[in-house]
Engineer: 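Before we start, here is the structure in question, set down as structure tokens.
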Protein chains: 2
Amino acid sequence: MPKMSQAAGLHRASLKKLHDLDAALELMYYGWRGMTLEADDYLTKQGLSRPHHRILYVVARQPDIAIGSLIETLGISKQALNRPLNLLLERKLLTSKRSSEQHRSKLLRLTATGQRIEQTASDHERKVMRDAFDRVGTRGAVAWMAVMEAIADNN
Amino acid sequence: MPKMSQAAGLHRASLKKLHDLDAALELMYYGWRGMTLEADDYLTKQGLSRPHHRILYVVARQPDIAIGSLIETLGISKQALNRPLNLLLERKLLTSKRSSEQHRSKLLRLTATGQRIEQTASDHERKVMRDAFDRVGTRGAVAWMAVMEAIADNN
DNA sequence: GTCTCAAGTCAACATGGTTGACATGAGGTG
DNA sequence: CACCTCATGTCAACCATGTTGACTTGAGAC
């Protein structure tokens, strides 16, 4: 785990805007950072990091997910999944067991501790979102989601 | 440069939502991906990547920036800056010269080629934003910026 | 000449990815 | 039983991006 001087010199730089949409680009960058900053701090204290959280997040929302599905959902290789997943199993934040029908697959689930950590980390992120939404009202929140959906589905 | 199978299995996974704001968390994640996807593809073809683009982006908007300021703006160590910066100098996308008053500092500027590449990469990102904003109108765009500002300034 | 300070460089390390190759373990089929 | 398939697990090599720490270089200032 890197030391993560964390937000040390990370006040949004005020750069000259060459184009209309430069502000939007920068907001996306700092928005992502802003949302994940506290969660990452918390995870670091737990000896975990973003990939671990991603695993916990997915498993929390799809209990008994097989490893292959998890790999596909996360969009990384099984080798890349291997280390963080094993750490989570060793730490008993996750359990794996063979399926009764599909004995080939291993099914993953959160333990109580894993649930707690996933929830705390995600809570940090949700809090940031909630505070932001509170400032702009429901209509603003709806508009934000519409924009983000358009961007996300940009393929 | 990693091969970047790029969006291979990266259609937004549809996970069960445990909380109200889970959708927002996922939108932030996929939004960031969506905005940077095409730019990253382009950069990869140029043998560059995100850190190089970040450098070009900042220097484009702050010509004659000193290396120390650049380090501060980017929020990384000088050692981390070193490699991508040297690549950009070797490729002549950037020039550096000593300041006339502040002979200690080196000032960075984009070359014509550097400008072209910075612009093309940023154009990809701006296009994604423009398309999204077009779909939701000015009011939606303004609301999006307000939310993102609230998130970004969340310190 | 010496001090300061920006910049440059080198080594060691951590992390999060990638491919490729191969091993293991469980079911299904001949 | 022997064999094939398929999910999983593991090993090695590699790359990119970052970190600290330690040291050098080069220019100005005193």
Side-chain angles (χ1 to χ4, degrees), chain A residues 1-10 29 33 36 40-41 43-44 46-55 59 64-90 94-108, chain B residues 1-10 29 33 36 40-41 43-44 46-55 59 64-90 94-108:
Chain A
M1 231 51 52
K3 283 290 161 49
M4 279 282 193
S5 62
Q6 218 60 53
L10 276 169
Y29 179 78
R33 302 292 240 85
T36 55
D40 284 344
D41 268 359
L43 289 164
T44 298
Q46 308 300 315
L48 303 174
S49 56
R50 195 123 293 272
H52 303 105
H53 185 203
R54 289 223 289 149
I55 295 169
V59 175
D64 286 335
I65 189 175
I67 291 188
S69 305
L70 181 57
I71 285 168
E72 211 178 304
T73 302
L74 295 176
I76 58 173
S77 64
K78 69 178 167 183
Q79 295 90 332
L81 177 62
N82 196 34
R83 218 164 339 175
L85 179 58
N86 279 334
L87 180 65
L88 296 175
L89 288 167
E90 276 166 33
L94 284 182
T95 57
S96 83
K97 62 161 188 201
R98 296 267 170 200
S99 157
S100 33
E101 319 91 34
Q102 278 290 86
H103 255 238
R104 284 176 187 176
S105 308
K106 277 193 183 173
L107 306 183
L108 301 172
Chain B
M1 229 56 45
K3 281 292 161 49
M4 278 282 190
S5 61
Q6 217 59 58
L10 275 169
Y29 180 77
R33 301 293 239 87
T36 55
D40 283 346
D41 267 1
L43 289 164
T44 298
Q46 308 300 315
L48 302 175
S49 57
R50 194 123 291 274
H52 303 106
H53 185 201
R54 290 223 290 148
I55 295 170
V59 176
D64 286 336
I65 188 175
I67 291 188
S69 305
L70 182 57
I71 285 167
E72 210 178 305
T73 303
L74 296 176
I76 59 174
S77 64
K78 68 179 168 183
Q79 295 91 331
L81 177 63
N82 195 34
R83 221 166 334 179
L85 180 59
N86 279 333
L87 181 65
L88 296 175
L89 289 168
E90 274 166 33
L94 284 182
T95 57
S96 83
K97 62 162 189 199
R98 295 267 170 200
S99 156
S100 33
E101 318 90 35
Q102 278 291 86
H103 255 236
R104 284 177 187 174
S105 307
K106 277 192 185 174
L107 307 183
L108 301 172

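What you are looking at is a predicted structure, and each value in this text was computed from that prediction instead of being measured. In the text below, chain A, chain B and the rest are named by the order of the sequence lines, each starting its count at 1.
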Engineer: Mind calculating the distance between CG (Leu70(A)) and C1' (dG9(D)) to the nearest angstrom?
Structural biologist: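 Between C1' of dG9(D) and CG of Leu70(A): 15 Å.
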Engineer: Answer whether the closest heavy-atom distance between the side chains of Leu108(A) and Asp64(A) falls below 4.5 Å.
Structural biologist: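 In short, these two side chains do not touch, never coming nearer than 4.5 Å.
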Engineer: May I have the distance from Leu87(B) (atom CG) to dA16(D) (atom P), rounded to whole angstrom?
Structural biologist: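 Nearest whole value for this atom pair: 10 Å.
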Engineer: Please report the interatomic distance CG(Leu107(B)) to CD1(Ile67(B)), rounded to the nearest 0.5 Å.
Structural biologist: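 Rounded to the nearest 0.5 Å, the CG-CD1 separation comes out at 9.0 Å.
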Engineer: Whole Å only: how far is the CG atom of Leu108(A) from the C1' atom of dA7(D)?
Structural biologist: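 Whole-Å distance recorded here is 12 Å.
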Engineer: Are Ile76(A) and Arg54(A) close enough that some pair of their side-chain heavy atoms sits under 4.5 Å apart?
Structural biologist: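 When only atoms from C-beta onward are counted, Arg54(A) and Ile76(A) do touch, with a gap below 4.5 Å.
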Engineer: For the pair made of NZ in Lys106(B) and P in dG26(D), what is the distance, rounded to whole Å?
Structural biologist: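 Going from Lys106(B) (NZ) to dG26(D) (P), I get 10 Å.
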Engineer: Expressed as a whole number of angstroms, how long is the span from Leu81(A):CG to dC11(D):C1'?
Structural biologist: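 One finds 16 Å between C1' of dC11(D) and CG of Leu81(A), rounded.
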Engineer: Using heavy atoms to find the nearest nucleotide of DNA chain D for Pro84(B) and Leu89(A) separately, return the residue whose nucleotide is more 5′.
Structural biologist: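 Closer to the 5' end of DNA chain D: Leu89(A).
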Engineer: Would you kindly give the CD-to-C1' distance between Gln79(B) and dA6(C), to the nearest whole Å?
Structural biologist: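 From Gln79(B) CD to dA6(C) C1': 13 Å.
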Engineer: Any chance you could measure Ser96(B), atom OG, to Asn86(B), atom CG, to the nearest 0.5 Å?
Structural biologist: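 These two atoms lie 9.5 Å from each other.
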Engineer: Please state whether the phosphate of dT19(C), meaning OP1 or OP2, lies under 4.0 angstrom from any side-chain nitrogen or oxygen of Ser77(A).
Structural biologist: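 Answer is no, no contact under 4.0 Å.
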Engineer: Relative to the 5' end of DNA chain C, which residue comes earlier, Arg54(A) or Gly68(B), by the nucleotide with the nearest heavy atom?
Structural biologist: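 Between the two, 5'-proximity favours Gly68(B).
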Engineer: Can you see if the side chain of Ser105(A) gets near the phosphate of dA7(D) - specifically, an N or O under 4.0 Å from OP1 or OP2?
Structural biologist: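 Ser105(A) to dA7(D) OP1/OP2: no side-chain N or O under 4.0 Å.
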Engineer: Check whether any side-chain N or O of Asn82(B) sits under 4.0 Å from OP1 or OP2 of dT17(D), and answer yes or no.
Structural biologist: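 The answer is no; no side-chain N or O of Asn82(B) sits under 4.0 Å from OP1 or OP2.
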Engineer: Within the structure provided, determine whether Leu48(B) and His53(B) are in side-chain contact (heavy-atom separation under 4.5 Å).
Structural biologist: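 Result no, sub-4.5 Å side-chain heavy-atom pair not found.
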Engineer: Answer with base, sugar-phosphate or nothing: what part of the nucleic acid does Arg83(A) contact at a heavy-atom distance below 4.0 Å?
Structural biologist: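 No contact.
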Engineer: Using atom CG of Asn86(B) as one end and atom P of dA7(C) as the other, report the distance to the nearest whole Å.
Structural biologist: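 For the pair Asn86(B) CG and dA7(C) P, the rounded distance is 13 Å.
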Engineer: Rounding to an integer number of Å, can you tell me how far Lys78(B) NZ sits from dC10(C) C1'?
Structural biologist: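 So the two atoms are 12 Å apart, to the nearest Å.
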Engineer: From the options dT18(C), dT19(D), dT17(D), select the nucleotide whose nearest atom is closest to the side chain of Ala80(B).
Structural biologist: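 Taking heavy atoms from C-beta onward, the closest nucleotide is dT19(D).
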